[in-house]
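Heads up: the structure comes next, in structure tokens.
FYI, side chains are in, hydrogens and waters are out, and symmetry mates aren't considered; it's all heavy atoms of this structure.
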Amino acid sequence: MASYLQIENISKSYGPKVLFDHIGFNVNEGDKIALIAPNGTGKTSLMRILAGKDKSDSGGQIKFLKEIRIAFLEQDYDYDPEATLLEQVLAGSTPFLEHLDAEGRFEYEHRIVRILTEFGLRPTQQMKELSGGEVKRVAITQVLATEADFLILDEPTNHLDVDAIEYLENYLRRSRCTLFMVTHDRYFLDRVCNIVMELDHGQVYVYKGDYEHFLEKRAERIANHNAETDRVRNLLRRELEWMHATPCARTGKAKYRKQAFWELKDRAEQAYTTRQVTMEALEGATRLGTKIIDCYDVSFSYEAERREDVRRPGGDFASFASRPAANERPKSPQEKSSRSEALIKDFTYKFQRYDRIGIVGRNGIGKSTFIDLLTGALEPTAGRIERGESLKIGYYHQNGMQFDEGQTVLETVGNLGLLNQFLFPHDMLNNPVAKLSGGERRRLYLLTILMQQPNLLILDEPTNDLDIVTLNILEEYLLDFKGSLIVVSHDRHFLDRVVDHLLVFCGDGRIKDFVGGYTEYRSFIKDYEAEQKRQAKKEMPGQARHDEKRAAERRQAKQRVGVRGPAEDFASFASRPVANERPKSPQEKPTRKKLSYKEQREFDALEAELEQLNAEKTQIETLLAAGTASYEEIRNASQRYETLKTELDAKETRWLELSL
């Protein structure tokens with residue numbers, strides 16, 4: 001296979017801290033690589049160098065295969081709040097658009113609209129209306145719409161809800177693109193990637209296979225390294241005796257052997273040590289009373305224009321119920337502005353001691369608002385919330401890292417032991433917070449929450465920016481946590497490990513309690529949707545018989561008048577005869593009345609009109625089924641389709657009246 005990327009001799013350091021030193025590797029066509037490393041060891045720096053946003057300290061070479069299309073997704077997406085989604089993606093794609101002709105630009109815009117729609121977004125929305133997860137979907141749309149040969153993605157699943165993650169996961173699995181990404185989502189990694197690349201102690205190691213295979217081979221590599229170190233140390237002891245021995249008279253020690261000794265000494269000091277976050281020194285939760293938080297008929301709403309609902313891919317079991325009826329008239333701007341958007345409606349629940357609850361739902365549905373209600377940051381618009389007297393809440397907010405950027409790490413926490421256990425060594429204690437990486441800032445913020453000894457721990461997207469090793473340690477800590485736990489997360493592996501039941505946000509303010517982990521919930525949803533389809537198929541024959549009866553009447557009428565009728569209508573797929581229907585004898589068949597001249601003209605005109613309307617209806621059905629139409633085309637076609645069905649029904653009824 002062709003080599004899409006060749007890296008040779010690149011380095012990066014910040015002051016005395018060396019991230020990686022003279023590393024090199026290849027990325028071949030079809031590779032789907034996940035880069036794994038602890039926080040603060042250079043993952044994002046390496047990604048920025050590959051994307052041309054930063055430079056290597058040692059020069060080196062970065063060679064991409066010529067004439068391949070490259071797309072880069074950064075963790076933070078800059079956007080214009082006043083721009084619409086389509087305008088924003090086009091503005092961010094200016095370098096790509098420069099190489100497109102008019103036809104290519106049209107196709108690109110069409111792909112943008114299609115992907116935005118599949119993500120459940122309207123291209124005409126303004127960016128300022130979106131939640132953090134929805135902004136992330138816009139950024140991913142900009143990358144996917146280019147149909148690039150080589151994708152470089154930095155934490156693509158951060159802030160995405162599970163439906164969006166699964167959509168992206170399925171897209172990348174089917175795509176033939178070459179992929180190089182950083183991710184902490186272990187399910188996502190296993191299902192998308194075929195190679196794991198580890199950045200460890202400034203060097204790169206490559207493992208073919210999934211995450212479990214990587215763990216096995218990594219353990220073997222470390223064991224072999226340490227075994228070799230033990231062998232070198234034994235050899236060093238013999239060489240040390242030789243160095244201390246007095247040389248023979250009028251002779252000296254060989255310089256080459258002395259040089260070999262110092263090289264051997266350096267190698268003997270390279271024993272592999274792995275530092276991990278440890279939470280053993282953290283004191284447990286404070287005493288928790290019997291009353292935690294009691295919610296009684298709690299409702300909350302913002303006075304805002306309701307967003308137009310678009311069916312999301314893989315939505316939950318209630319999402320289909322949120323779509324407006326086909327015959328529902330559009331609301332006027334006055335009606336929209338006066339409507340109250342209910343994020344939470346009539347929610348009643350008593351949180352218990354040692355509850356381990358996960359909160360799931362699509363982006364923008366009200367999960368963070370719900371947490372703000374529980375913590376008292378917001379007051380409900382209806383109902384009441386009662387909190388226990390001994391309740392002590394530790395709230396890890398996804399956007400709540402309010403640090404003094406000028407303070408040092410030690411000034412921020414002030415506990416040397418805890419800082420060391422959270423991988424802040426002595427040489428980092430005097431670093432200002434502003435110089436920490438995204439993952440290091442998250443780790444420091446988590447420490448400030450846990451050291452408060454809360455008895456109700458609320459974690460809002462705790463897995464964002466944390467490395468996989470730290471996540472494993474956090475999971476173990478939460479499993480032993482002696483308090484109540486509420487987790488808002490889209491990390492499926494994390495939810496499966498630490499929670500035992502879910503509060504599912506279904507839309508329209510409804511919250512359902514589901515007992516079990518996330519994987520069990522998704523299995524339940526799939527079974528539920530399959531059952532709904534089976535029920536729909538059971539109900540279909542009755543409607544089909546009704547439609548077939550009407551079609552049969554039309555065929556009989558055509559036979560009586562001796563003319564060819566119009567094309568089959570929308571119900572012609574049901575070709576089975578009506579159950580238990582016996583043929584009528586000639587005596588039973590009614591005689592057709594003679595039409596007047598005016599009625600005959602009307603009858604002939606109806607024949608032609610029905611053929612045209614059915615042909616137009618078939619075209620609209622084909623357009624809607626193709627899934628390639630733009631948002632405006634889909635909306636216009638849907639409106640015309642409803643009008644068309646009404647017209648067809650009226651004209652067919654009149655045709656039957658004239659033919660009998």
Side-chain angles (χ1 to χ4, degrees), residues 277-296 298 344 347-360 367-380 383-402 412-415 417-419 421-422 442-464 466 470-489 491 494-503 511 513-517:
V277 172
T278 175
M279 301 185 180
E280 295 176 357
L282 288 170
E283 297 185 16
T286 56
R287 188 191 68 82
L288 185 62
T290 56
K291 185 174 183 178
I292 314 301
I293 298 178
D294 295 346
C295 299
Y296 300 95
V298 172
I344 299 165
F347 175 74
T348 298
Y349 187 84
K350 291 186 177 182
F351 291 86
Q352 304 296 321
R353 297 176 70 182
Y354 314 124
D355 260 351
R356 316 182 71 79
I357 300 174
I359 297 178
V360 296
K367 301 186 297 295
S368 295
T369 300
F370 177 70
I371 296 299
D372 287 339
L373 288 170
L374 296 183
T375 58
L378 290 174
E379 291 296 327
R384 72 183 193 276
I385 299 176
E386 299 177 358
R387 300 173 184 86
E389 294 182 0
S390 63
L391 185 65
K392 186 174 183 180
I393 298 176
Y395 183 15
Y396 178 92
H397 198 291
Q398 60 175 321
N399 299 317
M401 293 184 292
Q402 303 297 327
T412 302
V413 172
N415 188 314
L418 288 178
L419 285 171
Q421 291 191 344
F422 268 66
R442 285 278 177 181
R443 200 163 65 232
L444 185 64
Y445 178 50
L446 179 62
L447 175 56
T448 63
I449 299 298
L450 297 181
M451 64 188 297
Q452 297 172 11
Q453 297 179 255
N455 49 32
L456 172 59
L457 189 57
I458 301 177
L459 304 178
D460 189 2
E461 298 293 357
T463 63
N464 287 351
L466 292 180
T470 302
L471 285 179
N472 291 335
I473 303 298
L474 177 60
E475 288 169 2
E476 296 299 329
Y477 172 80
L478 294 178
L479 290 174
D480 295 331
F481 179 66
K482 304 302 181 184
S484 299
L485 176 67
I486 300 175
V487 178
V488 181
S489 180
D491 188 317
F494 189 80
L495 287 174
D496 278 343
R497 286 213 64 193
V498 303
V499 306
D500 51 29
H501 71 110
L502 305 173
L503 293 179
I511 303 175
D513 189 8
F514 180 87
V515 178

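Contact between L502 and G517 at its shortest, heavy atoms only, is CD1-O, 4.0 Å. Heavy atoms only, all atoms of each residue included: Y445 and H397 are closest at OH-N, 3.1 Å. Closest heavy-atom contact between P454 and G394: CB-N, 3.3 Å. Residue L373 comes nearest to P380 through the heavy atom pair CD2-N, 3.6 Å, listed as atom of the first residue, atom of the second, then distance. Taking all atoms of both residues into account, the shortest heavy-atom contact from R443 to L466 is N-CD2, 4.0 Å. A pairwise comparison of heavy atoms in V298 and R384 identifies CG2-O, 3.4 Å as the closest pair.
At a threshold of 4.5 Å between non-hydrogen side-chain atoms, the residues V487 and R356 do not count as touching. Under the 4.5 Å side-chain criterion, counting only non-hydrogen atoms from C-beta, Q452 is not in contact with Y395. L419 has its side chain within reach of L444: a pair of non-hydrogen atoms, C-beta onward, lies under 4.5 Å apart. By the 4.5 Å heavy-atom criterion applied to side chains, L474 and T463 are not counted as neighbours. Looking only at side-chain heavy atoms (C-beta outward), L450 and F481 stay at 4.5 Å or farther from each other. With contacts defined as side-chain heavy-atom distances shorter than 4.5 Å, the pair L374/C295 qualifies. Considering only heavy atoms from C-beta on, N455 comes within 4.5 Å of L391 through its side chain. At a threshold of 4.5 Å between non-hydrogen side-chain atoms, the residues L478 and L459 count as touching.
Atom CD1 in I292 sits 8.5 Å away from atom OH in Y354 (nearest 0.5 Å). Here CD1 of I449 is found 9.0 Å from OH of Y396. Values are rounded to the nearest 0.5 Å. The CD1 atom of I344 sits 6.5 Å away from atom OG1 of T369, with the distance rounded to the nearest 0.5 Å. Atoms CD and NZ, on E386 and K291 in that order, are 4.0 Å from each other to the nearest 0.5 Å. One distance of note links CG of L457 with OH of Y477; it measures 7.0 Å at 0.5 Å rounding. Taking CD of E379 as the reference point, atom CG of D372 lies at 11.5 Å (rounded to 0.5 Å).
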- Task: Dump the intermediate steps for side chain to side chain contact (heavy atoms under 4.5 Å, CB included) on I458 and I371, then the final yes or no.
- Result: CA-CA 8 Å; I458 301 177; I371 296 299; 3.6 Å; yes

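Within the 3.5 Å criterion, the main-chain N or O of Q352 finds a donor-acceptor partner in the side chain of S484.
Taking the six-membered ring for Trp and thresholds of 30 and 60 degrees, Y349 and F351 have ring planes more than 60 degrees apart, a perpendicular arrangement.
The residue from T375, I486, L456 that alone fulfils the side-chain contact (heavy atoms from CB on, under 4.5 Å) condition with I293 is L456. Each of V488, L503, D513 was evaluated against I357; a single residue qualifies, L503, per the side-chain contact (heavy atoms from CB on, under 4.5 Å) test.
R497 has a carboxylate O that lies under 4.0 Å from a charged side-chain N of E476, or vice versa, which qualifies the two as a salt bridge.
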